[in-house]
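Working notes, structure below.
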Amino acid sequence: MTDELENQLRRALRPVEAPEGFTERLMSRLPVAPAALYTSAPVVVALPVPARRKPRNFALPAALAASLVAAVMLGQHMAYEIETGRQQRELAEGRAASRELMEALRVTSQKLDMAYQAVNSPSRPAAPGEEENPS
Amino acid sequence: MKVLMTAFVFALALSAPAITQAQTRSANPAPLRGQLLLPDFASLSDKASEVVNVTLDQRLLSMGCRFLNVEDPDQAEFKKVCTGLRGIFVRHFTFDKDFAYPKADIDSVRRQLNGPGWSQMVNVRSNKENTNVDVYVLIDGEKAQGLSIIASQPREFTIVNVVGTIDLEQLHDLKNFGVPDLELEKKDAPKKK
């Protein structure tokens with residue numbers, strides 16, 4: 001049984017000669033273009049090579065801008081501090097000046113009073129040409 | 001890093017005007033008309049037992065006037081007087097012994113009052129008490145533009161120099177401060193030298 005099946009398979013799968021003109025028919029049915037591609041001369045196309053761009057570096061401008069902003073803010077802060085300090089100094093100076101003013105007035109009035117007392121002293125002889133003070 | 005530092009310094013320089021604007025200071029002003037050149041009495045400060053040194057230029061004077069307490073009637077009164085003033089300079093020294101100060105300095109100030117415009121209003125010489133008091137006014141037109149007092153005693157001397165328009169009538173209103181009623185405009189009308 002096994003031998004018979006084997007023989008049948010061997011007969012069915014035995015090499016068979018291709019019919020006459022099979023190769024030509026087969027080749028004629030194949031598409032022409034791929035064959036032409038292989039047969040024509042190779043064409044070299046020089047495509048433009050894209051320039052290799054450097055990656056843009058934003059670090060420097062960003063740092064410059066940050067420096068500028070920082071410097072302006074620092075300047076404004078300093079100006080504010082100076083202005084505040086100036087106002088406080090002016091306040092202190094004003095109060096000190098006010099005290100000095102009163103002190104100056106005290107000394108001035110004291111000396112004017114001294115002159116007044118001397119002028120009005122009954123023991124003081126009247127200088128020539130000086131009017132008599134009635135008070 | 002160097003670029004950053006340069007940029008920072010540059011930016012700081014840009015903001016400099018804002019800083020300098022806050023730092024504006026008035027320049028040292030020229031002497032005012034009627035302002036005396038007072039000698040430097042700094043060396044006397046150590047010898048003196050009491051020193052009053054008041055230097056109020058126009059800026060300080062206006063600041064001082066601004067800070068006077070208007071609720072205090074005396075200070076409010078004085079505020080009226082000081083609006084026309086441009087400077088007050090007082091040097092007052094008291095010593096523990098007689099004539100510890102150089103009389104030549106006092107005389108140099110007195111000589112300045114011999115200049116044009118100044119008129120001697122009061123001249124007190126007391127040989128007994130060795131007291132000299134001179135009151136001068138600087139007359140410009142109809143108005144007093146300055147008042148100077150030089151008072152010297154054996155143990156003290158005082159120089160007062162008030163610069164600016166002085167309303168003598170308003171000065172009379174300061175009696176509460178001890179300013180005597182000198183009846184200036186009535187009797188002791190200044191005689192031009």
Side-chain angles (χ1 to χ4, degrees), chain A residues 59-61 63-87 90-121 123-124 127 129-135, chain B residues 3-5 7-16 18-23 52-56 59-69 75 78 81-82 88-90 92 121-124 126 131 133-135 147 149-151 158 160 162 171 174 177-183 187-188:
Chain A
L60 187 63
L64 286 172
S67 295
L68 187 70
V69 169
V72 168
M73 286 176 71
L74 181 67
Q76 283 182 341
H77 177 71
M78 284 174 70
Y80 173 77
E81 288 291 321
I82 289 168
E83 178 63 21
T84 308
R86 191 182 63 79
Q87 284 176 357
E90 266 190 9
L91 193 70
E93 275 182 345
R95 286 182 179 151
S98 177
R99 280 195 300 273
E100 286 196 349
L101 200 56
M102 302 315 293
E103 182 70 3
L105 188 63
R106 184 187 66 80
V107 172
T108 306
S109 61
Q110 195 183 348
K111 295 305 156 191
L112 283 175
D113 190 50
M114 185 195 280
Y116 174 76
Q117 297 298 335
V119 167
N120 288 284
S121 169
S123 60
R124 181 177 179 263
E130 187 182 6
E131 280 188 72
E132 192 186 340
N133 194 335
S135 58
Chain B
V3 175
L4 282 180
M5 287 299 291
F8 185 76
V9 170
F10 180 69
L12 204 60
L14 282 178
S15 61
I19 299 168
T20 51
Q21 190 182 6
Q23 280 183 313
V52 177
N53 188 346
V54 176
T55 300
L56 295 172
R59 187 183 69 91
L60 284 173
L61 191 58
S62 64
M63 280 171 69
C65 289
R66 237 181 17 236
F67 279 87
L68 288 175
N69 184 9
Q75 292 194 25
F78 184 60
V81 176
C82 75
I88 295 181
F89 310 91
V90 175
H92 171 75
M121 200 163 64
V122 177
N123 175 18
V124 177
S126 167
T131 299
V133 183
D134 296 306
V135 181
L147 174 75
I149 303 168
I150 298 178
T158 306
V160 176
V162 181
L171 203 64
L174 297 175
F177 278 102
V179 176
D181 184 359
L182 291 172
E183 299 183 358
K187 288 184 56 51
D188 293 341

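A, B, ... follow the sequence lines: proteins, then strands. Residue 1 opens every chain. We use all heavy atoms of the structure for the numbers below, so side chains are in, but hydrogens, waters and symmetry mates are not.
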Whatever's closer than 4.5 Å to a heavy atom in chain A on B:Asn53 counts as backbone
Working to the nearest 0.5 Å, report the span between CG of B:Leu56 and CD of A:Glu93. 11.0 Å
Side chain, backbone, both or neither: which part of B:Ser126 has a non-hydrogen atom closer than 4.5 Å to chain A? neither
What's the verdict on side chain to side chain contact (heavy atoms under 4.5 Å, CB included) for B:Thr158 and A:Met114, showing C-alpha distance, side-chain angles and the deciding distance? CA-CA 12 Å; B:Thr158 306; A:Met114 185 195 280; over 6 Å; no
Nearest heavy-atom pair of A:Leu101 and B:Gly64: which atoms, and what distance? CD2-C, 4.0 Å
Straight-line distance of A:Ser98 OG to B:Arg66 CZ, nearest 0.5 Å: 11.0 Å
Is B:Val54 in contact with chain A via its backbone, its side chain, both, or neither, using a 4.5 Å heavy-atom distance? both
The reported gap from CG in B:Leu68 to CZ in A:Arg99 (rounded to nearest 0.5 angstrom) is 12.0 Å
Shortest non-hydrogen contact from A:Ala115 toward B:Val124: O-CG2, 4.2 Å
Which atoms of A:Glu81 come close to chain B, meaning under 4.5 Å heavy atom to heavy atom: side chain ones, backbone ones, both, or neither? neither
Between atom CG of A:Leu112 and atom CG of B:Leu147, what is the distance when rounded to the nearest 0.5 Å? 6.0 Å
Any A:Arg106 side-chain heavy atom under 4.5 Å of B:Val52 side chain: yes
To the closest 0.5 Å, what do you measure between CE (A:Met102) and CZ (B:Phe67)? 15.0 Å
Counting C-beta onward and ignoring hydrogens, is there a side-chain heavy-atom pair between B:Thr55 and A:Glu100 closer than 4.5 Å? no
For a quick test of reading the model, state the closest non-hydrogen atom pair linking B:Met63 to A:Gly94 and the distance between them. CE-N, 3.4 Å
Between OG1 on residue A:Thr108 and NE2 on residue B:His92, distance to nearest 0.5 Å: 11.0 Å
